[in-house]
S.K.: 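Once you've had a glance at the structure underneath, I'll fire off some questions.
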2 protein chains.
Amino acid sequence: MSKYKGQDRFLLAIDCIIFGFDGSNIKLLLVHRDIEPEKDKWSLMGGFVHADETPDDAANRILEELTGLKSVYMEQMQAFGALNRDPVERTVSIAYYALIDIHKYEQQLSHKHHAEWFLVGDMPDLIFDHSDMVKMAKKRLQYKAALHPILFQLLPEKFTIPQLQALYEGIYQSKLDDRNFSRKLLSTGLLIKLPEKEKLSSKKGAFYYTLDQSHYMENFHSFLNFIPNPDRFFKD
Amino acid sequence: MSKYKGQDRFLLAIDCIIFGFDGSNIKLLLVHRDIEPEKDKWSLMGGFVHADETPDDAANRILEELTGLKSVYMEQMQAFGALNRDPVERTVSIAYYALIDIHKYEQQLSHKHHAEWFLVGDMPDLIFDHSDMVKMAKKRLQYKAALHPILFQLLPEKFTIPQLQALYEGIYQSKLDDRNFSRKLLSTGLLIKLPEKEKLSSKKGAFYYTLDQSHYMENFHSFLNFIPNPDRFFKD
DNA sequence: GCAAAAGTGTTAGCGATACACCCATGA
DNA sequence: TCATGGGTGTATCGCTAACACTTTTGC
């Protein structure tokens, strides 16, 4: 079983950047360390890859352990391997980002890991190189969402256009024009208008929409140009 | 030095997808295996990560070993970790893609690894999951090149517009309109016209251009929309 | 003089942006 | 009735894409 003689072996970790959206703001799920080292600091949810699983398997296992959720939208981002990124011992970590519907997250499970949602704009210091990972994940999400309708993964089954707009505004940190936004959005044919209204966040109420699943995959590529001048986000 | 007890350790490899461009066609540099297993098959250039180097370091070392080139444009793509991707022993490989000026490649070094350039459209069978890596790299390059002027990394100092167009046509596997292409390109202000002409590939000869290095970095993001309907390449 | 590739200009149509008003409702 | 947020329509401008002919030169 050990045919490649004389080669070095590495600890392989997974770290998950878990994005959520509460209807108004974009948040990240972090866990609190109550052990040394870096006690009382916050960190991304992570864990080691086991010998009998792939990195993808491990990422899903770790995400499920924290959130109780399976089949979540998750994508491998990048391996981080600086020599002393983990001061305890040399570890190479593969970072994944995940998009979850914040409402499906089982709050009670959080106590095991002391998890908490933080606004992306107002995050505590993170251990190791986790802040770099978060920064890269935000950028990746901007790229990906400019070309593909992945942000629906952050929303519940039913959502309103103003919610969707708040989501895009949060991801791109910029105000979008209501009229142009809804027109472009509806023109994709991806949305189905429901007869109900959401009446919590306004007096008039906003109609709920749901995703047309049959068109979602086939139109995955046609969902572009939501963001004026998207290139300003692609500066690196 | 071994503080994380009871965790599994992994062989960590690097595989490099090395793109080149000969003025007409896009090529990949492959190495020939003259040992078992998979003797007589072709493979990506690869190697193991050493304990005292980062994956990026290892990728650069491995690339230099094959090509003799340093400070090449290289980007981490993705970690591949299927359980039996390497039948010899469990190995997780981090794939990088590199863009090199084919003319700088030292041909004589190739003998050590039995390296050879192959047209991307006419590749032999590759070992392990290397064909998947190549497929993903081609896609990544399409994405990246649609947003950033990275394809200049494949060209020599001096190049002609028809060469550049052939390069884009190769990357996107589609014919582009000469007039629109050169107009868009020149309008970026990234190119400096030289007084000389390249006269090998045509009777009339085409003017050489060179990259305006001072504008290259600052305009890195403004070099968009070269490809009509780029979304058709972003279907997954 | 002819074949082969380089180089250049114009136009039409679509899509992106900017912009202002009415609607529905709860308090 | 008023304040709040939801919802819709239009005009302009710029960019994209489609398209054809002239130029240069080696053979």
Side-chain angles (χ1 to χ4, degrees), chain A residues 23-25 146-147 155 158-170 172 174-189 191-209 219 221-234, chain B residues 23-25 146-147 155 158-170 172 174-189 191-209 219 221-234:
Chain A
S24 304
N25 294 291
L147 300 169
L155 292 167
K158 300 186 302 185
F159 51 85
T160 67
I161 305 244
Q163 281 168 4
L164 193 53
Q165 184 171 344
L167 173 53
Y168 273 87
E169 289 179 343
Y172 294 99
S174 50
K175 192 89 189 74
L176 301 177
D177 184 280
D178 322 16
R179 306 170 280 246
N180 294 333
F181 184 80
S182 70
R183 178 156 23 84
K184 284 183 193 179
L185 197 65
L186 293 170
S187 74
T188 61
L191 298 186
I192 299 171
K193 190 175 193 169
L194 299 179
E196 322 150 57
K197 278 191 167 185
E198 188 269 351
K199 312 225 15 170
L200 296 171
S201 48
S202 77
K203 293 165 185 168
K204 182 176 178 182
F207 279 106
Y208 277 116
Y209 286 81
N219 286 1
H221 63 288
S222 66
F223 190 81
L224 306 174
N225 297 111
F226 271 77
I227 313 303
N229 307 317
D231 43 312
R232 68 199 144 122
F233 300 109
F234 298 150
Chain B
S24 305
N25 293 291
L147 300 169
L155 293 168
K158 300 186 300 185
F159 51 85
T160 67
I161 304 245
Q163 280 168 3
L164 193 52
Q165 183 170 345
L167 173 52
Y168 274 86
E169 291 179 341
Y172 294 98
S174 50
K175 192 88 189 76
L176 301 177
D177 184 280
D178 323 14
R179 305 171 280 247
N180 294 334
F181 184 81
S182 71
R183 176 156 24 82
K184 285 183 192 178
L185 197 66
L186 293 170
S187 74
T188 62
L191 298 187
I192 299 171
K193 190 173 191 170
L194 300 179
E196 322 150 57
K197 279 190 167 185
E198 187 269 352
K199 313 229 6 173
L200 297 172
S201 48
S202 77
K203 293 165 185 168
K204 184 176 177 183
F207 280 106
Y208 277 117
Y209 287 81
N219 287 359
H221 64 287
S222 67
F223 189 81
L224 306 174
N225 296 110
F226 270 78
I227 313 302
N229 308 316
D231 43 314
R232 68 200 144 119
F233 299 110
F234 299 150

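Numbers restart at 1 for each chain; the letters A, B, ... are given by sequence-line order, proteins then strands.
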S.K.: Round to a whole Å and report the spacing from CZ of Phe181(A) to C1' of dG15(C).
M.R.: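 Answer to the nearest Å: 17 Å.
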S.K.: Expressed as a whole number of angstroms, how long is the span from Ile161(B):CD1 to dG7(C):P?
M.R.: 7 Å
S.K.: Going from CG on Leu191(A) to CG on Leu185(A), what distance comes out if it is rounded to the nearest 0.5 angstrom?
M.R.: 4.5 Å
S.K.: Please enumerate all residues that pass side chain to side chain contact (heavy atoms under 4.5 Å, CB included) together with Ala166(A), with sequence neighbours excluded.
M.R.: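 If we apply the side chain to side chain contact (heavy atoms under 4.5 Å, CB included) test to Ala166(A), skipping adjacent residues, the hits are Phe21(A).
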S.K.: So, under a plain 3.5 Å distance rule, would you say the side chain of Arg179(A) forms a donor-acceptor pair with the base of dA18(C)?
M.R.: no
S.K.: Specify the separation, in whole Å, of atom NZ of Lys184(A) and atom C1' of dA18(C).
M.R.: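 Atom NZ in Lys184(A) sits about 12 Å away from atom C1' in dA18(C).
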S.K.: Within this structure, what is the NZ-to-P distance between Lys175(B) and dA17(D), rounded to whole angstrom?
M.R.: 15 Å
S.K.: Going by the rule side chain to side chain donor-acceptor pair (under 3.5 Å), which residues pair with Gln163(A) if we only count those two or more places apart in sequence or in a different chain?
M.R.: none
S.K.: Could you work out, with salt bridge (Lys or Arg N to Asp or Glu O under 4.0 Å) as the rule, every residue matching Lys158(A), not counting sequence neighbours?
M.R.: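 Lys158(A) satisfies salt bridge (Lys or Arg N to Asp or Glu O under 4.0 Å) with Glu196(A) once adjacent residues are dropped.
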S.K.: Polar atoms only, N or O, under 3.5 Å: list the protein pairs with nucleotides 24-27 of chain D and their distances.
M.R.:
residue: dG26(D); atom: OP1; partner: Lys199(B); partner atom: NZ; Å: 3.4

S.K.: Atom OH of Tyr209(A) to atom P of dG6(D): distance rounded to whole Å?
M.R.: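 Going from OH in Tyr209(A) over to P in dG6(D) covers 12 Å.
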S.K.: Let me spell it out: for each of Pro162(B) and Asp177(B), pick the nucleotide of DNA chain C with the closest heavy atom. Which residue's pick is nearer the 5' end?
M.R.: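 Closest to the 5' end, via its nearest nucleotide, is Pro162(B).
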S.K.: Enumerate the residue pairs fulfilling side chain to side chain donor-acceptor pair (under 3.5 Å) with a member in residues 197-208 of chain A, sequence neighbours excluded, ordered by first and then second residue.
M.R.: Glu198(A)-Ser201(A)
S.K.: Each nucleotide N or O in nucleotides 10-14 of chain D that has a protein N or O under 3.5 Å away: list the pair and distance.
M.R.:
residue: dT10(D); atom: O4; partner: Arg183(A); partner atom: NH2; Å: 3.2

S.K.: Residues in salt bridge (Lys or Arg N to Asp or Glu O under 4.0 Å) with Asp177(B), at least two apart?
M.R.: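 Listed in chain order: Arg179(B).
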S.K.: Please state how far atom CD in Gln163(B) lies from atom C1' in dG7(C), giving the value in whole angstrom units.
M.R.: 16 Å
S.K.: With sequence neighbours excluded, tell me which residues meet side chain to side chain donor-acceptor pair (under 3.5 Å) with Asn180(A).
M.R.: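 Applying side chain to side chain donor-acceptor pair (under 3.5 Å) to Asn180(A) gives Arg183(A).
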S.K.: Taking all non-hydrogen atoms of both residues into account, name the closest pair between Tyr168(A) and Leu176(A) and its distance.
M.R.: CB-CD1, 3.8 Å
S.K.: Please report, rounded to the nearest Å, how far the P atom of dA6(C) is from the CD atom of Glu198(B).
M.R.: 9 Å
S.K.: Can you tell me the distance, in whole Å, between the CG atom of Asp178(A) and the P atom of dA16(C)?
M.R.: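 So the two atoms are 17 Å apart, to the nearest Å.
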